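Here the structure is a predicted model, which is why all the values come from computation and not from measurement. Just so you know, these numbers use all the heavy atoms, side chains as well, and skip hydrogens, waters and symmetry mates. Index from 1, following the sequence. Atoms within each ligand, like the ligands themselves, are counted from 1 in listed order.
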Amino acid sequence: MNINIREEQEKDWYETEAITKRAFWNLHVPGCLEHYLVHLLRSSKDYIPDLSRVAEVDGKVAGTVMYSKSYVDNGKQKTEVLTFGPLCVDKEFQNKGIGSLLLKTTFEIARKQGHKAIIIFGEPGYYPRHGFKTCDNFHITTKDGKNFDAFMGLELVPDGLKGVEGKFYQSEVFENIDAVKAEEYDKKFPYMEKLKLPGQWDT
Ligand SMILES: CC(C)(COP(=O)(O)OP(=O)(O)OC[C@H]1O[C@@H](n2cnc3c(N)ncnc32)[C@H](O)[C@@H]1OP(=O)(O)O)[C@@H](O)C(=O)NCCC(=O)NCCS
C-alpha cells in the first residue's frame, strides 16, 4: 500500500467529501453532516489549507484531516490554538495506520509553522494514543465552562499550553450547521440510508 500525504487540490474536493460521508454516516447520529462541514470549512476565514492534508492511497483519496483556527479566551486576552476536524479515513482503509499518519505528519508541519497546541472535541478512545489529554489538565473549559472526556488538548511543544487558561472557542463554522442546507448538499453524493443505531449519541 503506497500512502502519500499531501495538500488537497480542487480536483479532490468531491472525493474528500464522499469519503467523509462514508466514514461518518450513521456513526454519531442517523446520517451525518460532516461532508457538508468539509465543504463549508474550505471557504471559512478560519480554515488553514497549508496545514490540512489528504492521504492518497495508490492515487485515490483515502483520508483527510482539516485544520482551523480557534482560541482560548481568559477574559482579557485571546490565545490562538489549532483545532482539527473532520479527521477521517474511508471505510475500506481504516485500521491501517492512515489516521495516525495524517496526525503525525500534520503535527510535525504545525510545529514547523510555529503552532504550540491543538484543542479538539473528538473520540476519547482514540486521541490519547496520540498524546491528547482532557482539557481539565490545562485549566481550559468549553465556552460553557464544561469539561468532559471528548474535550482534549495536545501541547505540540513542551509547555505549549502553559499559562493558557480560560474558555475554548472553535470556529463559528462548526456551530449551528443548517440541517436543511446539509440535506440538500448531500444529494450530490450516492444515497445512503439513515439509520438509528446503538452507540449513536442521543438525539
Ligand atoms: C478514527 C479514524 C480517523 C482512525 O483512523 P484509522 O486510519 O482507521 O486509524 P489507525 O489505523 O491510525 O489506528 C487504528 C487504531 O485506532 C483504534 N481506533 C480507531 N477508531 C477508534 C475510535 N473511534 N475509538 C477508539 N479507538 C479507535 C483502532 O481500534 C486501532 O487500534 P489498535 O492499533 O489498538 O488496533 C478512522 O477510523 C475514521 O475515519 N473513523 C470514522 C470517523 C471518525 O470517528 N473520525 C474521528 C472523529 S473525532
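- Less than 4.0 angstrom separates some heavy atom of G122 from each of these atoms of ligand 1: 48 (S).
- Here Y71 and F168 keep their ring centres 6.0 angstrom or further from each other.
- Using cut-offs of 30° and 60° on the angle between ring planes, the pair F107 and F84 is tilted.
- Of the protein's heavy atoms, L87 O, 2.9 Å lies nearest to atom 45 (N) of ligand 1.
- In terms of heavy atoms, G31 sits closest to N26 at N-OD1, 2.7 Å.
- Using modelled atom types, one side-chain atom of K21 and one backbone atom of P190 make a donor-acceptor pair closer than 3.5 Å.
- Closest protein heavy atom to atom 14 (C) of ligand 1: N95 OD1, 3.4 Å.
- Close approach to K96 involves these atoms of ligand 1, each under 4.0 Å from a residue heavy atom: 11 (O).
- Judged by distance alone, the side chain of N2 and the main-chain N or O of D58 form no donor-acceptor pair under 3.5 Å.
- Relative orientation of the H130 and Y126 rings is perpendicular, given thresholds of 30° and 60° on the angle between their planes.
- For the residue pair E17 / Y185, a side-chain donor-acceptor distance below 3.5 Å is found, with atom types taken as modelled.
- Atom 37 (O) of ligand 1 has as its closest protein heavy atom Q94 CD, 3.5 Å.
- Considering OG1 of T134 and CD1 of I140, their distance stands at 11.0 Å, rounded to 0.5 Å.
- Each of the following atoms of ligand 1 lies closer than 4.0 Å to a heavy atom of E123: 23 (N), 44 (O), 48 (S).
- Closest to atom 19 (C) of ligand 1 among all protein heavy atoms lies Y126 CD1, 3.8 Å.
- For the residue pair T16 and E8, a side-chain donor N or O sits within less than 3.5 Å of a side-chain acceptor on the partner.
- Near V89, the atoms of ligand 1 lying under 4.0 angstrom from a non-hydrogen atom of the residue are 5 (O), 7 (O), 38 (C), 39 (O).
- By the 3.5 Å distance cut-off applied to N or O atoms, R129 is counted among the residues near ligand 1.
- For atom 12 (O) of ligand 1, the nearest protein heavy atom (residue, atom name, distance) is S100 OG, 2.5 Å.
- Polar contact with ligand 1: absent for F121 (N/O pair, distance under 3.5 Å).
- Nearest protein heavy-atom contact of atom 44 (O) of ligand 1 is L27 CD2, 3.5 Å.
- Given atom 5 (O) of ligand 1, the protein heavy atom at minimum distance is G99 CA, 3.5 Å.
- In terms of protein heavy atoms, atom 11 (O) of ligand 1 is closest to G97 N, 2.6 Å.
- Using a 4.0 Å heavy-atom cutoff, E34 is absent from the residues neighbouring ligand 1.
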